[in-house]
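Predicted model, so just to flag it, every value in this text is computed and none were measured.
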Amino acid sequence: MSAYQTLVVGTDGSDTSLRAVDHAGAFAAALNAKLIIAMAHLPNVDKGGWGRPARPDRVIDGRAEVQLRGEGDFKMHGMSPVYGILRDARDRARAAGATNIETRPIQVGRLGGPAQALSRLAEEVKADLLVVGNVGLGTRTDKWLGSVPGDVLRRAKTHVLVIHTSD
């Protein structure tokens with residue numbers, strides 16, 4: 001019997017996060033463990049209003065632009081693109097050998113971000129291991145605003161595996 005029975009990995013659809021999914025899929029296959037692929041998303045879109053036009057990229061929280069830098073195409077709002085990204089991530093995990101795969105969209109709350117949502121999900125499903133990519137760790141942005149992997153490391157109440165996914 002393996003020490004890890006349930007793994008959770010987060011993705012935002014970016015190339016680096018999908019590399020983490022690949023690794024988590026291979027790890028889940030080697031352990032014959034259940035893999036839950038999660039994607040955090042914002043609940044709504046800024047459509048503008050009286051005297052205030054919608055932001056060009058339709059992002060409500062401008063801090064996401066700083067966090068995601070060159071991967072800004074992956075800022076998610078609402079549900080439409082989420083299911084497609086989760087389907088692609090599931091296919092990649094399956095190609096890596098995982099067989100017991102579940103996908104979960106998770107809405108980011110007002111007081112938390114993706115790291116809090118992933119940590120909460122890991123607790124909810126009693127995950128043995130939470131897998132994240134390393135993008136953002138050790139950067140200036142990480143020091144000032146935090147990063148998803150850094151925040152997961154601080155919040156998670158389970159083992160965390162940080163995959164080197166940055167170039």
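In this structure, T158 OG1 and L129 CG are separated by 6.5 Å, a value rounded to the nearest 0.5 Å. We find the CD-NZ distance between Q5 and K126 to be 15.0 Å, quoted to the nearest 0.5 Å. To the nearest 0.5 Å, atoms CG (D128) and NZ (K34) are separated by 11.5 Å. A distance of 12.5 Å separates CD of Q116 from CG of L121, quoted to the nearest 0.5 Å. Atom CG in L130 sits 12.0 Å away from atom OG1 in T6 (nearest 0.5 Å). Distance check: L31 CG to L7 CG gives 6.5 Å after rounding to the nearest 0.5 Å.
Nearest heavy atoms, T11 versus A89: CG2-CB, 4.2 Å. Contact between V108 and A40 at its shortest, heavy atoms only, is CG2-CB, 3.5 Å. In this structure, G10 and L118 approach most closely via the heavy-atom pair CA-CD2, 3.8 Å. Here the closest heavy-atom approach between residue A29 and residue A98 is recorded as CB-N, 3.6 Å. Here the shortest heavy-atom pairing between L35 and A24 reads CD1-CB, 3.9 Å. Scanning all heavy atoms of the two residues, the minimum distance from S17 to G13 falls at OG-N, 3.4 Å.
The aromatic rings of F27 and Y4 sit tilted, their planes meeting at an angle between 30° and 60°.
Residue pairs satisfying the side chain to side chain donor-acceptor pair (under 3.5 Å) criterion with at least one member in residues 85-99, sequence neighbours excluded, are listed as follows: D22-R92.
In this structure, I101 and I37 have side chains that are in contact, with non-hydrogen atoms separated by less than 4.5 Å. Residues M39 and I106 are not in side-chain contact: their nearest non-hydrogen atoms beyond the backbone lie 4.5 Å or more apart. Within the 4.5 Å cutoff, side-chain heavy atoms of E124 are placed close to those of R104. When side chains are defined from C-beta on, L86 counts as touching P105, because their heavy atoms get closer than 4.5 Å. The shortest distance between side-chain heavy atoms of L161 and I163 falls below 4.5 Å.
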